[in-house]
S.K.: 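This is the structure, below, for whatever I ask next.
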Amino acid sequence: MRTRTAHRTCPLCEAGCALRLDLDDDGRVLRVAGDERDPLSKGYICPKGAVLGKVDEDPDRLRRPLLRQEGEWREVGWDEAFAAVEAGLSEVIGTHGRDAVALYFGNPTFHTIAAYLYRQAITQALGSKNVYSASTADQMPKQVACGLMFGDAMAIGVPDLDHTGHLLILGANPVESNGSLCAAPDFAGRLKALRRRGGKVVVVDPRRTRTAALADEHLSVRPGTDPLLLMAMVHTVLDENLERIGLPVSGLEQLRELAHDFPPEAVGPVCGIAPETIVRTARELAAAPSAAVYARIGTCTTPFGTVAQWLVDVLNTLTGNLDRRGGVMFAETAALEIFRAGPAFSTGKWHSRVRGLPEVLGEFPVATLADEIETPGEEQVRALVTIAGNPASSAPNAPRLARAIEGLDFVVCVDPYLNETTRLADVILPPPRTLQSPHFDFLVQIIMVRNYARYSRAILPLDDDQRSEAEILARLMLIAAGLGVGTEPTRAEEMFLDQLGITGEAVDALDGEDGTEKIVDALLRAGGYGLSLKALLDAPHGLDLGPLQPRLPALLRTPDNRVDLAPPQLVAEAQRLRACLDGEPPEFLLIGRRHLRSNNSWLHNVEELRGGTNLCTLQIHPADAARLGLDATTPAVIGSAVGELTVPIEVTDTIMPGVVSLPHGWGHQDSPQRVARRDPGVNTNILTDDAVLDGVSGTAVFNAVPVTVRAAPQG
Ligand SMILES: Nc1nc2c(c(=O)[nH]1)N[C@H]1C(S)=C(S)[C@@H](COP(=O)(O)OP(=O)(O)OC[C@H]3O[C@@H](n4cnc5c(=O)[nH]c(N)nc54)[C@H](O)[C@@H]3O)O[C@H]1N2
Ligand SMILES: Nc1nc2c(c(=O)[nH]1)N[C@H]1C(S)=C(S)[C@@H](COP(=O)(O)OP(=O)(O)OC[C@H]3O[C@@H](n4cnc5c(=O)[nH]c(N)nc54)[C@H](O)[C@@H]3O)O[C@H]1N2
Ligand code: SF4
Ligand SMILES: [Mo]
């Protein structure tokens, strides 16, 4: 048998590892390995990348569009599918206006060329205020904090992992998640290297995670209290005059005044961390030759997520580590610098109809989508377009959102699977398989630990009955713009380049099969390194663009060109935080967790990634289990303000007493996916409450959810 080798970037997570694939003549993947010649991932691969072929070849992936008629799914051709989309959307727009159509962009949108590029174009073409995405279930607090401090929500500082001497990690478990808002293939290897060169790693997490096991120190923190802990650290740094600020800043005095109210003695008992430990942690951070504070999901998706993210960069700034080698730095992207322009970041240019929540980066919180669908009135949402998302699983109070979606007049989903959300659609438009799609990760460039670029062309051709994701989205854009199904999709590319102010002549004539290549080429030419698509095609193992370099103050877009240490919105929010110093904590707080062989809601259908420790269990401390009479044979009933679940438990002393943990993305009881619906697990978002949000960014609260736990009745 003849084989051929192809190279491409793994699209499954933010690490973006370079892979080497061996394929047979029929295009079947025989073997996947890490690409040792890639300068960033250097041959690293995780168990998900290793089965990319299985992910790609999953027989349950949809191949042709599905149309629902009288409750039955029917496979149809693309023309019929697009005609149905046009009819469905124009009916709603014609009768109820453009705001009656909501858009939802899911997580892979940000890791798919076509979806990333067409996201803005579709939004503009539709002209609806009802835009939602997984960002408000994820990183929006980081973007808002950066927006308010630096003036640019895309100026996201990345720990300079390979040079730092001290790393403080809060609410992230990169050994399982492979890193988030910090693209660093082989995160574990990089942590080990940090320690080998004499540096220190401290992990703050209610669970003793695999990342914590690799660290020098693990601090068990009560969920939701990181902002208090960080504020007490700011207090210590300022109180002991440990600050050494190397950048132009504003708001220092206001910050000092604010932090004064959060002394370690008051904060310690609430966080579950001894005040002496808080003081020592702050001193060590300030004294380290270089240091970085890094915080993710466990701090973002909490009631004060944006305050936490703000204080992370406050500490990085106060200790002189912002924008400095070994500290927290800003990547220089190959293709996105053109977007670092415009006025200083602000929120609330418009507000949501039902709850009056401010727009943030042009979006409303996904936690209020159900309100907008259910509440009658003008501008009520009556149709939904989802692209690469599964909100009926991933949003807080997911069952309520699923019921709301079910009642809509028209739903169209661009997704390769029939799942919890798409099964509620009228039309499903499936993109081609992974290996039939090109890959260039725009988002990941912003958050890399090293400047780097890599482009992968599709490895396998499209069949006649398939459409590239770019074509599907171009057609959706044209339909949304009212240009109709008769318009050639190339018109969408022209409109796109026009919007960027780039003329066709400036673009290389490429023979690529996909129109997005023109756009990628144009963006690369306008990018920081003046690259072109050809330059990347000539570098199949990736282009190393060097270590991160200082970029401030040039990157700042604040009105006074200083780092704002005390943005008024955040100071006001921190006043509310003070109330958390009093008050009794609930008996149990629910948090989430991720497993290396999972990926949100959509990899449970791959046999090779199931089982082992990748289980949907409720982790509980032995002391709590004994007190409640729970053991491995007695499931627990867990209840919250919005729902109740029965779930098998896993007794483990790796979790803090008073805290329970359930992973998300499960609950595939009604899924048509054959592997996923075996051992379907339960959806933890039956318990999470869409009424509770991070006040500044509108982000959903998935961690620190008050719950009750009891033994399930026997028999
Ligand atoms: N309780 C709880 N809930 C959470 C979280 C948590 O920690 N706890 N995490 C939150 C976070 S961080 C996130 S990012 C969100 C994710 O929220 P979502 O993005 O809504 O959900 P995913 O499960 O990532 O769904 C991705 C969808 O994209 C489809 N897909 C995969 N590849 C492609 C492609 O190439 N093209 C297209 N068009 N579709 C594709 C998949 O089939 C799947 O339907 O969930 C959030 N929900
Ligand atoms: N294998 C795998 N990798 C993934 C994903 C996946 O589903 N599976 N999802 C991807 C996505 S969309 C994202 S956004 C990233 C997320 O990447 P990470 O943020 O690294 O995600 P988690 O592994 O969920 O780590 C969050 C940690 O926060 C802890 N935690 C919970 N509550 C609190 C709290 O109040 N305070 C503190 N300090 N810690 C808390 C949890 O115990 C957990 O260990 O991962 C990405 N990578
Ligand atoms: S770490 Fe992420 S990018 Fe790398 S192989 Fe695993 S899933 Fe793919
Ligand atoms: Mo995420």
Side-chain angles (χ1 to χ4, degrees), residues 11-15 46-48 55 61-62 104-112 114-115 133-135 137-139 169-182 187 203-207 209-212 219-226 229 295-302 308 366 386-396 398 413-422 429-434 437 469 472-473 589-603 605 614 619 655-656 659 661-665 683-685 687-688 700-705:
L12 295 178
C13 89
E14 293 170 54
C46 90
K48 288 196 292 293
V55 174
R61 257 179 200 259
L62 303 176
Y104 175 85
F105 298 102
N107 170 272
T109 306
F110 303 94
H111 305 292
T112 310
S133 85
S135 292
D138 186 345
Q139 85 292 346
I169 302 180
L170 305 101
N173 186 11
V175 174
E176 304 267 8
S177 71
N178 284 304
S180 180
L181 294 190
C182 176
F187 210 114
V203 172
V204 180
D205 198 301
R207 298 185 307 120
T209 59
R210 287 178 65 195
T211 307
L219 304 177
S220 227
V221 71
R222 184 160 300 135
T225 65
D226 303 74
L229 169 69
R296 266 313 264 131
I297 279 293
T299 60
C300 280
T301 54
T302 62
V366 67
T386 74
I387 297 172
N390 190 2
S393 164
S394 63
C413 299
V414 182
D415 203 287
Y417 278 110
L418 250 174
N419 63 21
E420 293 74 21
T421 302
T422 60
L429 305 172
R433 287 158 39 189
T434 308
S437 306
E469 186 147 21
I472 296 170
L473 297 180
L589 287 170
L590 172 71
I591 62 171
R593 69 176 186 270
R594 281 172 167 74
H595 187 277
L596 183 56
R597 289 184 296 143
S598 72
N599 193 13
N600 296 340
S601 73
W602 68 280
L603 283 189
N605 206 47
N614 186 13
Q619 291 188 336
I655 194 162
M656 200 176 175
V659 181
S661 166
L662 198 55
H664 72 287
N683 185 356
T684 187
N685 285 324
L687 300 170
T688 54
V701 171
F702 297 129
N703 289 295
V705 177

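Just follow the structure's listing: the first ligand is 1, and inside any ligand the first atom is 1.
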S.K.: Any atoms of ligand 1 less than 4.0 Å from a non-hydrogen atom of G389? List them with their elements.
M.R.: 19 (O), 20 (O), 27 (C), 28 (O), 44 (O)
S.K.: When only distance counts, is V204 in polar contact with ligand 2, meaning an N/O pair under 3.5 Å?
M.R.: yes
S.K.: Look only at interatomic distance and state if T302 has a nitrogen or oxygen under 3.5 Å from any nitrogen or oxygen of ligand 2.
M.R.: no
S.K.: Which atoms of ligand 2 sit under 4.0 Å from any heavy atom of N703?
M.R.: 31 (C), 32 (N)
S.K.: Can you tell me how far OG of S180 sits from CZ of F187, rounded to the nearest 0.5 angstrom?
M.R.: 9.5 Å
S.K.: Among all protein heavy atoms in this structure, tell me which lies nearest to atom 9 (N) of ligand 1, with the distance rounded to 0.1 Å.
M.R.: R594 NH2, 3.2 Å
S.K.: Closer than 4.0 Å to some heavy atom of S180 - which atoms of ligand 2 meet that?
M.R.: 13 (C), 14 (S), 15 (C), 16 (C), 17 (O)
S.K.: For atom 24 (O) of ligand 1, what's the nearest protein heavy-atom neighbour? Residue, atom name and distance, please.
M.R.: N600 ND2, 3.3 Å
S.K.: Evaluate H664 for polar contact with ligand 2, using N/O atom pairs at a separation under 3.5 Å.
M.R.: no
S.K.: Taking non-hydrogen atoms only, is N419 closer than 4.0 angstrom to ligand 1 via side chain, backbone, both or neither?
M.R.: side chain
S.K.: Run the salt bridge (Lys or Arg N to Asp or Glu O under 4.0 Å) test against E14 and tell me which residues pass, sequence neighbours left out.
M.R.: none
S.K.: Indicate yes or no: does an N/O atom of G298 lie under 3.5 Å from an N/O atom of ligand 2?
M.R.: yes
S.K.: Quick one: look at S601 and ligand 1, take heavy-atom pairs under 4.0 Å, and tell me if it's side chain, backbone, both or neither.
M.R.: both
S.K.: What are the atoms of ligand 2, with element, lying closer than 4.0 Å to any heavy atom of P206?
M.R.: 30 (N), 33 (C), 37 (C), 39 (N), 40 (C)
S.K.: Using distance alone, determine whether G224 and ligand 2 share an N or O pair under 3.5 Å.
M.R.: yes
S.K.: Suppose we measure from atom 26 (C) of ligand 1 to each protein heavy atom; which comes out shortest, and what is that distance?
M.R.: P108 CD, 3.5 Å
S.K.: Give the atoms of ligand 2, by number and element, whose distance to some non-hydrogen atom of D226 is under 4.0 Å.
M.R.: 34 (C), 35 (O), 36 (N), 37 (C), 38 (N)
S.K.: Decide whether T421 and N390 meet the rule of one side-chain donor and one side-chain acceptor closer than 3.5 Å.
M.R.: yes
S.K.: Which heavy atom of the protein is the closest neighbour of atom 32 (N) of ligand 1, given with residue, atom name and distance?
M.R.: W602 CH2, 3.8 Å
S.K.: Hey, does T225 come in under 3.5 Å of ligand 2, counting only N/O atoms on both sides?
M.R.: no
S.K.: Side chain, backbone, both or neither: which part of P431 has a heavy atom under 4.0 Å from ligand 1?
M.R.: side chain
S.K.: Please work out, at 4.0 Å between heavy atoms, whether the side chain, the backbone, both, or neither of N390 comes within that distance of ligand 1.
M.R.: both
S.K.: What do we get for I387 next to ligand 1 when only non-hydrogen atoms under 4.0 Å count, side chain, backbone, both or neither?
M.R.: neither
S.K.: Below 3.5 Å, N or O to N or O, backbone or side chain included: is there any such pair between I297 and ligand 2?
M.R.: yes
S.K.: What atoms of ligand 2 come closer than 4.0 angstrom to any heavy atom of H595?
M.R.: 1 (N), 2 (C), 8 (N)
S.K.: Only counting residues at least two apart or in another chain, list the ones meeting salt bridge (Lys or Arg N to Asp or Glu O under 4.0 Å) with D138.
M.R.: R296
S.K.: Is N178 in contact with ligand 2, taking contact as a heavy-atom separation below 4.0 Å?
M.R.: no
S.K.: Which value, rounded to the nearest 0.5 Å, describes the distance between N173 atom CG and I297 atom CD1?
M.R.: 12.0 Å
S.K.: Using a 4.0 Å cut-off to any heavy atom of T209, which atoms of ligand 2 qualify?
M.R.: 44 (O)
S.K.: What's the shortest heavy-atom distance between P391 and T386, and which atoms?
M.R.: CG-CG2, 4.4 Å
S.K.: Are any of the N/O atoms in D138 less than 3.5 Å from those in ligand 2?
M.R.: no
S.K.: Output the list of atoms in ligand 1 that are nearer than 4.0 Å to some heavy atom of P391, sorted by atom number.
M.R.: 20 (O)
S.K.: To check your reading of the model: name the closest protein heavy atom to atom 1 (N) of ligand 1, its residue, and the distance in Å.
M.R.: N685 OD1, 2.8 Å
S.K.: Can you list the ligand 2 atoms lying under 4.0 Å from a non-hydrogen atom of E176?
M.R.: 1 (N), 2 (C), 3 (N)
S.K.: Atom 18 (P) of ligand 2: which protein heavy atom is closest, and how many Å away?
M.R.: S177 OG, 3.5 Å
S.K.: Rounded to the nearest 0.5 Å, what separation is found between the CG atom of N599 and the CZ atom of R594?
M.R.: 8.5 Å
S.K.: Taking C-beta and beyond as the side chain, do V204 and L229 meet within less than 4.5 Å on heavy atoms?
M.R.: yes
S.K.: Write out the residue and atom name of the closest protein heavy atom to atom 30 (N) of ligand 1, then the distance separating them to 0.1 Å.
M.R.: P416 CD, 3.7 Å
S.K.: Got an N/O contact under 3.5 Å between N173 and ligand 2?
M.R.: yes
S.K.: Using the rule side-chain hydrogen bond (donor to acceptor under 3.5 Å, both in side chains), only one of T434, N605, D415 pairs with R61; which is it?
M.R.: T434
S.K.: Is R210 paired with E176 through a side-chain N to carboxylate O contact shorter than 4.0 Å?
M.R.: yes
S.K.: Which of the atoms of ligand 2 are close to V221, meaning less than 4.0 Å from one of its heavy atoms?
M.R.: 36 (N), 37 (C), 38 (N)
S.K.: Could you tell me the residue and atom name of the protein heavy atom closest to atom 10 (C) of ligand 1, and the distance to it rounded to 0.1 Å?
M.R.: A137 O, 3.1 Å
S.K.: Write out the residue and atom name of the closest protein heavy atom to atom 29 (C) of ligand 2, then the distance separating them to 0.1 Å.
M.R.: D205 OD2, 3.1 Å
S.K.: Measuring from atom 28 (O) of ligand 2, which candidate in S394, P663, G171 has the nearest non-hydrogen atom?
M.R.: G171
S.K.: Of all the non-hydrogen atoms in the protein, which one sits nearest to atom 8 (N) of ligand 2, and at what distance?
M.R.: S598 O, 2.8 Å
S.K.: Is ligand 1 under 4.0 Å from a heavy atom in the side chain of E469, in the backbone, in both, or in neither?
M.R.: side chain
S.K.: What's the spacing between I591 CD1 and L662 CG if we round to 0.5 Å?
M.R.: 10.5 Å
S.K.: Run the numbers for me: atoms of ligand 1, each under 4.0 Å from some heavy atom of T684, listed by number.
M.R.: 1 (N)
S.K.: For N107, which part has a heavy atom under 4.0 Å from ligand 1: side chain, backbone, both, or neither?
M.R.: both
S.K.: Kindly confirm or rule out an N or O of Y104 lying under 3.5 angstrom from an N or O of ligand 1.
M.R.: yes
S.K.: Please say whether L596 places an N or O atom under 3.5 Å from an N or O atom belonging to ligand 2.
M.R.: yes
S.K.: If you measure from OH on Y417 to OG on S601, what distance do you get to the nearest 0.5 Å?
M.R.: 10.5 Å
S.K.: I'd like to know if A115 contacts ligand 1, where contact means a heavy-atom distance under 4.0 Å to any ligand atom.
M.R.: no
S.K.: I'd like to check which ligand 1 atoms, numbered from 1 as shown, lie under 4.0 Å from a non-hydrogen atom of G106.
M.R.: 19 (O)
S.K.: Of the non-hydrogen atoms in G389 and Y104, which two are nearest, and what is the gap between them?
M.R.: CA-CE2, 3.7 Å
S.K.: Is the shortest N/O to N/O distance between D415 and ligand 1 below 3.5 Å?
M.R.: yes
S.K.: Can you tell me which residue and heavy atom of the protein come closest to atom 4 (C) of ligand 1, and the distance to 0.1 Å?
M.R.: F702 CE1, 3.4 Å
S.K.: Is the closest heavy-atom distance from A704 to ligand 2 below 4.0 Å?
M.R.: no
S.K.: Taking only non-hydrogen atoms of K48, do any sit less than 4.0 angstrom from ligand 2?
M.R.: yes
